[in-house]
Structure formats: C-alpha cells, structure tokens
There are 2 protein chains.
Amino acid sequence: MTDRKNRTRQNLLDSAAVLFTEKGYAGTSVAEICDSARANIASVNYHFGSKEALYRSVIGYTYDQANTLYPLDAGEKMSSEEKFYCFILAFLKRILSTSMTGNFYKLVAKEMAEPTRESGTLINEIISAKRAKIEKLIRDIHDEDIDEETVVRMTHSIVSQCLFLGLNEKGRRHHLKRKPVRFEDVESFARHITDFSLAGIKYYRKFTL
Amino acid sequence: MTDRKNRTRQNLLDSAAVLFTEKGYAGTSVAEICDSARANIASVNYHFGSKEALYRSVIGYTYDQANTLYPLDAGEKMSSEEKFYCFILAFLKRILSTSMTGNFYKLVAKEMAEPTRESGTLINEIISAKRAKIEKLIRDIHDEDIDEETVVRMTHSIVSQCLFLGLNEKGRRHHLKRKPVRFEDVESFARHITDFSLAGIKYYRKFTL
DNA sequence: GCATATTTTAAACAATCATTTAAAATAAGC
DNA sequence: GCTTATTTTAAATGATTGTTTAAAATATGC
C-alpha cells in the first residue's frame, strides 16, 4: 500500500517546513531534512524530484494549513470596523501560530527579504491578494472617495505592522532585549494594530470631507 | 606603498556590499565577490581573514556611511512633532538610498528575517537603539504618563512601517505588481508615515487624559 | 505463493564551496 | 640597486552540497 510512502512523504514535509522556517532555504541541507524525518538521503528526490520542488511543496502545504485553520473572510453582518479587526486578528493568528500554520508567513517574510528563484511569484500573488483585501476594508471604513495612492500607502502601513511580526525569528530570540510577541498576546496585539491604524485611516478622512 | 592594498580592499568591500545586499550572505560566494572586485580568489582571506569577517566589515562600513550621510538626531529647536517627522525622514532616506548607505538597512532586513551566526547581536544593538529613540519621541509627543507596554507597541507600529521598505528587493522587483517606493518619494512617504502614526499616537492620549 | 511494482537503502557522483599553500610579482627601506 | 617586506597569483585542499545509481527490501495483484 501507499501508506508507507505517504508517511515518509509527510515526515519530509513536516521536517522541511520547520527547518526551512528556522534556517532558510539555502541554510538547510537535504541531508539535514532527511535526518530529521528519519528518511534516506535519496528520499527527497524520489518523493519530490528536487530540493526546490520540496520547498515549493512546503510553501503550498503551509499555506493551505493557514487558510483552513484561520480563514480571513469574516461574517457579513459586521460593521466595517469590526470586519477590519477580525481580519487583523486572523492575520496575526496565522503569523504568530506556533504550529505548521505559522511557518508559512515566516517563510513569506524570508522570501520578501531574500527571494528564492521560483517561489517569488507565488509569494507575490498571495501578498497581493492580502493587500487587495485590506484596500477594500479601508475603502469601506473611509466611506468617501479616496485616491488610489493614499489607499496604497495606508495598506503598506497596515501590512507592515502585521508581517513584521513574522521576522521575530528563533535564531534571534537568544539575544533579543525586547520580549517577542507571543500567541497568547494575539487578541490584544490585534486590538492595538486595529486602533492604531483606524486612527490613521480616519485622519485622512478629514481632508476628503 | 599600501595604496595598492587599500584599493583592492576597498573594491572587495564595495562589491561585497552590493552582492550581499542583493543575494544574501549564503547566496554570495567568495569567488563571485572577487570576480566583481577584479581581485584574486585568495584576496578575501588575505585582506579580511574569512568570508564571515568580510561580512562583518561590510556591516560596519555601510553602517558608518549611513550615520555620516543621514544623521538621525534633529535640531533642538523643533517641536516634538517636527522632530518626529525629521527622524522618520532621515530613517527613510537611509533605507531607500540607492548608494552604499541604503545597503545597510537592506542587510538589516535580511538579518531580521534570517540572522547569520555572529552579526545578529550587532544588528540587534543597532535596532534597539533606534527603538529607544522612537520611544523617547513618542513620550515627548504624548506628554502624559503612558505605560511601557503601549509605548513598545506603538514603537513596533512605527519601526515596522519604516524597515518594511527595506524588504523591497531587487530580485523581486521583476514580478512586482505594485510599484516600489523610490527615493524621490521619500519626503511624501515620510509625511504619510508621520501623519498616520501621529494619529495613532494621539488616539491613545484620549485614555490617559 | 509467486511475479510484478513500489519504496527504501547505501554508495558514489560531479559540482561547488571557503580556505590554504607556496611561488611569483611588486613595493619599500636604505 | 640590492635586500627585505608586502601583495597578488594560480593551483590544490578537504569538506559539503544536491543528485543519481543500482541493488535490496517491501508491498501489491492475482
């Protein structure tokens, strides 16, 4: 049966997700992944074809996990400001999650700082989609006509506050003065980003009125 | 004379700064650096001792350039809000600079996403210093007593908006939908971050009054 | 239970990496 | 101008990289 095959395949996926997140694509060797997954050195090429293909699979795998675990689309009955908070909360949950889900946005942060050859486009597609969602939320809150440029800049301000949390890396934790944001803080931190950003969004409303 | 020595040393420094910024530490080979600097393959070890020592030299070199070119401490005669704007402006100039100066904060962004073994502490020292400056600016603007936790979070919101601009990497520019922030936009973008953040800072003032 | 297909294994592969070596080239001191 | 010190060069080193190979082990179909 294919149970045996699937098990090692899954082990490779899990080990690779952790290692790539911790040490990056270039910093992680195939041998290391196979050791961690208790699989043979040749198994990566047998199951995925190459290290790069494994990496792409990890991206897709962690992304799917994030989507199913923390969906970003809130209910319809909410006010636009409540929708905004729910989006930020779900987004932060994804980023700060310590499980497989959290690995994805840490990989995104890595890709943004140092893109690998082929996955750059995929990451950009995903981030573009997130930006579009935020732009829509901003326009809903603003309620007035607002120029494209201003929306793009406000979106930058919001996206950066969230994704920046994905940079707090294990390797840096040791000599980090400030204590990192933990998953337990996710609600209150989402509250902060929401309030801080809503004040900024509303600031621009003065000029269009 | 040592003129010949200094020239190749400087060429190595310049080439390494560009290559490390573009492709990261692990992604750049010593051979590549020497080719770009038109120097022999052994010159890196002769002049710096090792690839890692060269990397540390690049960090220090670009950091010094940033400090002398765009000092962060504004004049004393300004209001606290003007000081805040001047800080953000100088900070953005450093990050968006296309010369050697700009390379430093792009390296910082890389280090935050994927720290290398030894330079992590240095980078953390530098970023901690920037955070401290921003915390002081926030307290000056706020003018009232404000709890440590809130200041830390507001500082995160501000730092992230700035440093996130260092992530817009050359390698990713090709398939980037949104047009990157250019150095020509630095004043108006600094204006945006200032206004957006001041609104957020003032929002919290409501509760302490 | 035997023949076939699938998965795992150990070994070897060629390429690349940072670094070292020792000789050659150039500069400096006097 | 000759000796000494410094810098550059080309070649080799040993370690590590991702990938391939072919045999061994295991599962599957009937």
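Numbered from 1 within each chain, the chains take letters A, B, ... in sequence-line order.
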d([atom1], [X]; [atom2], [N]) in whole Å:
X	N	atom1	atom2	answer
A/Arg38	C/dT8	CZ	C1'	16 Å
B/His47	D/dT9	NE2	C1'	12 Å
B/Asn45	D/dG14	CG	P	17 Å
A/Leu12	C/dT9	CG	P	11 Å
B/Arg9	D/dT6	CZ	C1'	15 Å
B/Lys51	D/dT16	NZ	P	15 Å
B/Arg7	D/dT8	CZ	C1'	13 Å
A/Tyr46	D/dT26	OH	P	15 Å

Has A/Lys130 got its NZ or CZ under 6.0 Å from the middle of the six-membered ring of A/Phe87, at an angle within 45 degrees of the ring axis?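 The answer is no; the distance or angle limit is not met.
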Over all strands shown, is B/Ser50 touching base, sugar-phosphate only, or nothing at heavy-atom distances under 4.0 angstrom? sugar-phosphate
Side chain proximity check, B/Ser197 to B/Ile158, heavy atoms < 4.5 angstrom: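 Heavy-atom side-chain distance check passes, below 4.5 Å.
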Side chain proximity check, A/Phe48 to A/Leu13, heavy atoms < 4.5 angstrom: yes
Both A/Glu32 and A/Ala42 contact DNA chain D. Taking the nearest nucleotide for each, which residue is further toward the 5' end?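 On the 5' side of the pair lies A/Glu32.
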Given C/dT19, C/dT8, D/dT8, which nucleotide is nearest the side-chain atoms of A/Thr8? C/dT8
Residue B/Val30, side-chain heavy atoms: nucleotide from D/dA10, C/dT19, D/dG18 that is nearest: C/dT19
Examine D/dT16: is either OP1 or OP2 under 4.0 Å from a nitrogen or oxygen in the side chain of A/Ser29? Give yes or no.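 No, A/Ser29 has no side-chain N/O under 4.0 Å of OP1/OP2 on D/dT16.
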Whether over 12 other heavy atoms sit under 6.0 Å from A/Lys136 NZ: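 No, NZ of A/Lys136 has 12 or fewer neighbouring heavy atoms, counting only those of other groups under 6.0 Å.
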